[in-house]
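Remember, it's 1-based here, ligands and their atoms both numbered in the order they're listed. Only heavy atoms go into these numbers, but all of them, side chains included; no hydrogens, no water, no symmetry mates. Sequence positions, counted from 1, serve as the residue numbers for this chain.
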Amino acid sequence: MKFNTQTISAIQQLLAADFEQQLGRGAIRPDEIEQALRDGLQEVGQKSYGEMLSMLDEHSYLVEERCECEQIGKRVSRREAQVLTVFGWAQYKRSYYHCRNCGRRWIPLDESQHLRPGRSTRLMSSLLGIAGVSVAFEEAGQQIWRYLQVEVSPNTIRQETQGLGERQARQERIWQERSQDLGYLQQREQAPERPKRCYGSLDGVFVPIEQEWKEAKLISWYQAGERYPRKEQHAQAIYHYPSLEDAATFGELVWATAVKHQVDQAQELIFVCDGAAWIWKLVEHYFPQAVQIVDWYHACQYLYPVAEALFDPPEQQAAWVTEMKAFLWEGDVESVIKTAKKLLPRAGPPAERLVTYYTNNQERMRYAAFRAAGYLIGSGTVESGCKQVVGLRLKRCGATWSHAGASATAKARAAWLSGSWDSLLDLPWAA
Ligand SMILES: [Zn+2]
């Protein structure tokens, strides 16, 4: 719906006339005008919204209301309620029905319009959620106050944000059931569109939960695209799914989201990850056909401590790292391992760690071949993904999380960062 241009224009003229009168009494600054307009329009919004909801209810009263048992219901009263809108709390009245046949009582307006008395509207819920996934709940409350001039407690923001995360979790459970349903998977196999080349990255980050550090795990699915105007490849259409569960349960989520995004059917599937053992185990179990690549960024991280152990001057450290990186880049991981082995007596544990890691991951570090095939070899996608999705929001100083709260907040944040916020808002509320 849209309001009539003449109505808007009439309101504008009324405000202008009011302004003109006040202007006669003394100087007014532009920012006073802006604030007064903001206050006034907010009040108009708040009152109009409530009134219009009541009108919706009156209007639907003209149609007879049937109970679930098919009996015609009787309107017994009209009761007041309030919902939190972007203008603040709005009061409205709606009809309360009773069924003489089965004794059921219900409020058709609230039920049919998904209104939640005492809670936020869909739009307000979306805004509170965006603030809640972005910053600490206290700060989110201050931001909402600044943006909307509506006072919302940190607790309400927590509730809304985590409510959205719980909805996401329910959605994931449905995907999970489907992904284990052989009938569903077979029927899906006839789907004509197979994605060409898909990427997956897995990572973990430790977050403080119930006075302990627990590992949050993340799967990110993405595809490669070219960035304009330079034709360099970068990750796009990125979907993040975090989990606080153990590796096996997380594996089920990885599989479920793979099925959801048809990643398992891709002509080519490439995993770019850090080298943690649980990650490759999971990849091998669910996607034995996939190409495995150790993230270029992670691989290079092993060089710096060795360089620091060998040389004092930073220039010499940098020169050595550059030399080793060149070997890696050309796919000659063996030369780096050989060099590090020779340096063992001088460089000690850092060289030892490098030798172990590179030896275990040799086949996943064929960077020349990967580059020739046109693969992304490590954009740091999941590195920044885990930091962005989980770390930045959950690892704040002094933050203490419950398991359920951390999980729901991370899931809501992932939906926001994956661009699936609006579809999350369309999911049904908790029963
Ligand atoms: Zn009934």
**Request:** Using the side-chain hydrogen bond (donor to acceptor under 3.5 Å, both in side chains) rule, collect all pairs that involve residues 410-424, keeping only residues at least two apart or in two chains.
**Result:**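 Non-adjacent pairs meeting side-chain hydrogen bond (donor to acceptor under 3.5 Å, both in side chains): Ser126-Trp421, Glu172-Lys411.
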
**Parallel, tilted or perpendicular, as decided by the 30° and 60° cut-offs, for the rings of Trp255 and Phe287** = tilted

**Item:** Neighbouring protein N, O or S atoms of the Zn ion (ligand 1) [cut-off: under 2.8 Å, no waters]
**Value:** Cys67 SG, Cys69 SG, Cys99 SG, Cys102 SG

**Message:** Testing Arg78, Lys93, Arg94 one by one against Asp57 for a salt bridge (Lys or Arg N to Asp or Glu O under 4.0 Å), which residue passes?
**Reply:** Arg78

**Sequence-distant partners of Tyr367, ring-ring contact (aromatic ring centres under 6.0 Å, His included), two or more places apart** =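 Listed in chain order: Trp296.
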
**Item:** Contacts of type ring-ring contact (aromatic ring centres under 6.0 Å, His included), residue Trp106, not counting sequence neighbours
**Value:** Tyr97

**Item:** Near-ring test Tyr49/Phe87, centroid separation under 6.0 angstrom
**Value:**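 Ring centres of Tyr49 and Phe87 not closer than 6.0 Å.
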
